[in-house]
Structures are given as structure tokens and as C-alpha cells.
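Sequential numbering from 1 along the given sequence is applied to the chain's residues.
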Amino acid sequence: MKSSIKKYGLYGFITGLAIFTLHLIIGVKHLDYRTNEILGYLSIFISLSFIFFGIKHYRDQVNNGIISFGKAIAIGVSISILVGLGIALADFIYTKFIDPSFFTNYEQNLIKQGRADEIIKLTSTSAAVFMLVLVTLIGFIISLIAALILQRKKE
């Protein structure tokens, strides 16, 4: 189980870190916030796709075609935590070092759109923690779906 988590968690971590960083560096400067938000969620879902492949790999290559619902969820959530760490790291590096004025600019944009009531004061650290929790939560839901699809019991 650990080898599948490490392998697919690392793939997800690297994918999340790379895609999320790329989307932040290119998207924030050249795209509106709504499009950037959509690209952010897309990068999260692409990175979390490794949950399915990690569970399937464990079932087919490690455990002789058998996996319980609970074990599938455990593998999926473990992978999602690693993906979340990659995305949180990308978010932290971007907002702390690459564009420290990101939150100020985002707040000004919300005010300009008449959405000042949506402003939440964030720091680079709190935003990274939020991303970790968000990605893990989405990963849990994906793990549930993958576990339902991939579970196979002994015959």
C-alpha cells in the first residue's frame, strides 16, 4: 500500500506543484480572476486524478485484484494529502515570494466588482493551509467515488 501511495502521491504532488505554479504565474497576470479560478480548480482535479490510478495500481498490481472499500479510501485520501501539500506549497511560494501583493490586488478587484462582503483576510500561510484542506476534502470525495468503482472483494 505504501509503495502505491508514495508513487502516485509523488506524481500528484509534482503535478499539483507544477500545474498550480504555472497557472498562478501565467494566469494571474494575463487572465481575469474568474478564469484563473476555473484554471485553479482544473489543476486541482488533474492532480487528484492520480487517486484513481493509485487505487487501481494497488488493487491490480499489489493486491491480486482485490481491494476493500476502506483500503481504497485510505489510499485515496493519503494521495490527496500529498497532492494538497504540492498545491499548498505552490500557493505559499507564489503569494509569499513571487507576488506578495496578490491578496491586496484580489481584494481591490472584489471591491471594484461590488463584492466587498466576500473579502476574507488571508496570509500566505493561511491560504496554503486552506488549499491543503480544500484539496484533501475534494480528494476525499474523489476517493469515495473511486472506491465505489474499483472495490473488489474475494470471491
Side-chain angles (χ1 to χ4, degrees), residues 1-28 31 33-100 102-103 106-107 110 118-155:
M1 184 165 105
K2 289 181 183 177
S3 66
S4 296
I5 292 169
K6 286 179 185 176
K7 179 179 181 179
Y8 289 91
L10 182 62
Y11 292 160
F13 177 90
I14 291 168
T15 302
L17 181 65
I19 292 176
F20 207 73
T21 299
L22 186 64
H23 125 263
L24 284 171
I25 290 172
I26 293 171
V28 170
L31 301 171
Y33 284 102
R34 178 70 82 205
T35 304
N36 211 9
E37 185 177 13
I38 291 168
L39 289 175
Y41 281 111
L42 185 61
S43 66
I44 290 170
F45 283 111
I46 290 169
S47 302
L48 287 172
S49 70
F50 289 103
I51 290 171
F52 180 86
F53 299 114
I55 294 170
K56 187 171 184 339
H57 175 266
Y58 177 79
R59 182 193 73 185
D60 296 343
Q61 305 299 320
V62 177
N63 209 34
N64 300 319
I66 299 166
I67 191 164
S68 68
F69 183 76
K71 183 144 319 221
I73 289 177
I75 291 168
V77 170
S78 298
I79 292 170
S80 72
I81 290 170
L82 292 171
V83 170
L85 287 171
I87 290 173
L89 181 62
D91 192 58
F92 179 80
I93 290 169
Y94 182 79
T95 58
K96 183 77 172 179
F97 302 109
I98 297 172
D99 186 5
F102 174 82
F103 295 116
Y106 186 71
E107 287 174 8
L110 286 174
E118 296 177 30
I119 293 175
I120 299 170
K121 294 291 183 188
L122 292 173
T123 65
S124 297
T125 304
S126 62
V129 170
F130 173 78
M131 290 306 295
L132 174 61
V133 171
L134 176 68
V135 171
T136 303
L137 181 62
I138 294 169
F140 174 72
I141 294 166
I142 292 172
S143 298
L144 282 173
I145 295 166
L148 287 169
I149 293 169
L150 294 170
Q151 72 177 333
R152 253 193 234 153
K153 298 177 182 171
K154 294 179 187 177
E155 294 181 15

Less than 4.5 Å apart, any side-chain heavy atom of Tyr106 and any of Ile119?
no
Is the backbone N or O of Gly12 less than 3.5 Å from a side-chain atom of Thr15, with the two atoms forming a donor-acceptor pair by type?
no
Value rounded to 0.5 Å, distance of CD1 in Ile44 from OG in Ser80:
11.5 Å
Judged by atom type as modelled, is there a donor-acceptor pair below 3.5 Å linking the side chain of Thr95 to the main-chain atoms of Asp91?
yes
State, with a plain yes or no, whether a side-chain heavy atom of Ile67 is found less than 4.5 Å away from one of Ile55.
yes
Check: Leu89 and Phe13 side chains under 4.5 Å, non-hydrogen atoms:
yes
Hey, is the main chain of Arg152 close enough, under 3.5 Å, to the side chain of Arg59 for a donor-acceptor pair?
no
The reported gap from OG1 in Thr136 to CD1 in Ile142 (rounded to nearest 0.5 angstrom) is 11.0 Å
The side-chain contact (heavy atoms from CB on, under 4.5 Å) partner of Val135 among Ile81, Val83, Leu82 is Val83
Parallel, tilted or perpendicular: which one describes the rings of Tyr8 and Tyr11, with boundaries at 30° and 60°?
perpendicular
Taking the side chain as C-beta and beyond, is there a heavy-atom pair between Met1 and Val62 under 4.5 Å?
no
Nearest 0.5 Å please: distance from the CZ atom of Phe52 over to the NE2 atom of His57.
13.5 Å
Distance, nearest 0.5 Å, that separates CD1 of Ile93 from CG of Leu24
10.5 Å
Candidate pair Tyr94 and Ile25, rule side chain to side chain contact (heavy atoms under 4.5 Å, CB included), full reasoning
CA-CA 8 Å; Tyr94 182 79; Ile25 290 172; 4.2 Å; yes
